[in-house]
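Worksheet: one structure, shown below.
Note on naming: letters A, B, ... go to the chains in the order of the sequence lines (proteins, then strands), and numbering restarts at 1 for each one.
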Amino acid sequence: MLEVARDLVGCVVSHAGASGVIVETEAYHDSEPACHAFVGLTNRTRTLFGPPGRAYVYRSYGIHALLNAVCEPEGIGAAVLIRALEPLDGIELMRTRRGLGRVEQLSSGPGKLTQALGIDLTENDTPLTGAGPVAIYPCPTARGDVELVVSQRIGITKAVELPWRFCAVGSVHVSRRN
DNA sequence: CATGGGATTGACT
DNA sequence: GTCAATCCCATGC
């Protein structure tokens, strides 16, 4: 799971005419209380405990949709939260969806990037492999080898100490800089 | 069936 | 720096 979180930085996520390069991720696992799957298998966490390579999308604070990639085998509740993107294609469409002009603010946060890509709860439990509406794949240009900085996860109240956040060094598109 | 708490954001002091 | 918006869902009565 941590390996997936590291590998996803530098990959491309695309949906509905827009795409971006992942510059920030966080890992979550059912063994620690910050993870939704910590409470066990419920209707909400069904996707998390399902097969890997699918999207877990949920509503945060009643307002935002947050995108995760489920990443451990079926029966283990673990996922990687996609926290920020560097816009790649469909930037005008992203601007329209976000109602903003500045590229640095189009997708520099987990709620912002789903809005920019047009992702909502209907994409929950769909495959990320290319067979579904949301696709994640390696960056076509030589962007794969990114230097990472590891830190504590953001915006949570439990298991705050785990160093499970991964950011691309120097990116101006991460949600919060060091 | 009622309640409370978020893996956030943007507006405002 | 503070704070409200807003809804899904797990929990408890």
Side-chain angles (χ1 to χ4, degrees), chain A residues 1-9 11 13 15 18 20 22-50 52 54-72 76-87 94-126 128 134 136 148-168 171-178:
Chain A
M1 170 196 64
L2 294 177
E3 190 181 332
V4 174
R6 282 186 288 262
D7 286 350
L8 280 180
V9 178
C11 288
V13 53
H15 176 259
I22 299 171
V23 295
E24 179 180 353
T25 62
E26 284 180 1
Y28 289 87
H29 190 270
D30 61 25
S31 61
E32 46 91 13
C35 183
H36 293 167
F38 186 70
V39 297
L41 182 59
T42 65
N43 202 47
R44 181 192 204 187
T45 62
R46 189 183 67 256
T47 308
L48 282 171
F49 285 98
R54 300 176 74 86
Y56 168 53
V57 185
Y58 75 99
R59 187 167 300 291
S60 172
Y61 292 92
I63 302 172
H64 304 102
L66 270 56
L67 172 67
N68 298 249
V70 177
C71 62
E72 293 286 343
I76 299 175
V80 172
L81 170 68
I82 313 297
R83 282 195 60 90
L85 304 178
E86 176 181 333
M94 294 170 85
R95 276 200 242 267
T96 302
R97 286 171 176 151
R98 294 272 297 128
L100 295 171
R102 301 186 54 196
V103 173
E104 318 87 61
Q105 295 181 1
L106 285 181
S107 53
S108 57
K112 298 177 188 179
L113 72 90
T114 53
Q115 186 185 16
L117 294 183
I119 293 172
D120 62 22
L121 299 199
T122 61
E123 272 75 48
N124 184 41
D125 207 23
T126 59
L128 295 169
V134 187
I136 296 182
L148 298 183
V149 59
V150 182
S151 64
Q152 296 177 142
R153 295 175 294 181
I154 287 181
I156 55 174
T157 57
K158 300 167 224 164
V160 173
E161 71 285 355
L162 294 172
W164 285 2
R165 176 176 180 238
F166 304 92
C167 295
S171 174
V172 299
H173 301 278
V174 300
S175 61
R176 198 192 297 177
R177 297 201 233 170
N178 277 20

> Checking A:E26 side chain against A:I154 main chain: does a donor-acceptor pair fall under 3.5 Å?
Replying inline: yes

>> Quick check on B:dG6: is either OP1 or OP2 less than 4.0 Å from any side-chain nitrogen or oxygen of A:R44?
In response: no

> So, A:H173 and A:S171: side-chain donor and acceptor under 3.5 Å apart, yes or no?
Replying inline: no

> Between A:G111 and A:K158, which is nearer to the 5' end of DNA chain B once each is assigned its nearest nucleotide?
Replying inline: A:K158

>> Regarding A:R83, tell me which of base, sugar-phosphate or nothing describes its non-hydrogen contacts under 4.0 Å with the strands shown.
In response: sugar-phosphate

>> Could you tell me how far apart A:Y56 (OH) and B:dG6 (C1') are, to the nearest whole angstrom?
In response: 11 Å

> Just by distance, do the side chain of A:T114 and the backbone of A:A65 share a donor-acceptor pair under 3.5 Å?
Replying inline: yes

> Counting just side-chain N and O atoms, does A:R59 come under 4.0 Å of either OP1 or OP2 of B:dG6?
Replying inline: no

> Nearest to the side chain of A:Y61 - B:dG10, B:dA7, B:dG6?
Replying inline: B:dG6

> Can you tell me if A:S175 and A:E24 form a side-chain donor-acceptor pair at under 3.5 Å?
Replying inline: yes

>> Using OP1 and OP2 only, check whether a side-chain N or O of A:K112 sits under 4.0 Å from B:dG10.
In response: yes

Distance-only donor-acceptor pairs under 3.5 Å for side chains of residues 97-106 of chain A, two or more places apart:
residue : atom : partner : partner atom : Å
A:R97   : NH1  : A:A116  : O            : 3.0
A:R97   : NH1  : A:L117  : O            : 3.3
A:R97   : NH2  : A:A16   : O            : 2.8
A:R98   : NE   : A:L106  : O            : 2.9
A:R98   : NH1  : A:Q115  : OE1          : 2.7
A:R98   : NH2  : A:Q105  : O            : 2.8
A:R102  : NE   : A:E104  : OE1          : 3.2
A:R102  : NH2  : A:E104  : OE1          : 2.8

> How would you label the contact of A:R46 with the nucleic acid (heavy atoms, under 4.0 Å): base, sugar-phosphate, or nothing?
Replying inline: nothing

> Counting only N and O atoms by type, is there a donor-acceptor contact under 3.5 Å from the side chain of A:R54 to the main-chain atoms of A:D125?
Replying inline: yes

>> Please report the distance, rounded to the nearest Å, between CD in A:E24 and C1' in B:dT8.
In response: 13 Å

>> What is the first contacted nucleotide of DNA chain C and what is the last, in 5' to 3' order, if contact means an atom lying under 4.0 angstrom from a heavy atom of chain A?
In response: C:dA5 to C:dT11

> In whole Å, what is the span from the CG atom of A:N124 to the P atom of B:dA7?
Replying inline: 16 Å

>> In this structure, how many angstroms lie between the C1' atom of B:dG5 and the CZ atom of A:F38, rounded?
In response: 16 Å

> Under 3.5 Å, side chain of A:E72 to main-chain N/O of A:M1, donor-acceptor pair present?
Replying inline: yes

>> Could you identify the nucleotide paired to B:dT3, looking across every strand shown and requiring Watson-Crick or G-U wobble geometry with both distances under 3.5 Å?
In response: C:dA10

> Separation of A:L106 atom CG from B:dT9 atom C1', in whole Å?
Replying inline: 15 Å

>> By nearest heavy atom, map A:N68 and A:R98 onto DNA chain B; which one lands nearer the 5' end?
In response: A:N68

>> If you assign A:I63 and A:V39 each to the DNA chain C nucleotide with the nearest heavy atom, which residue ends up on the more 5' nucleotide?
In response: A:I63

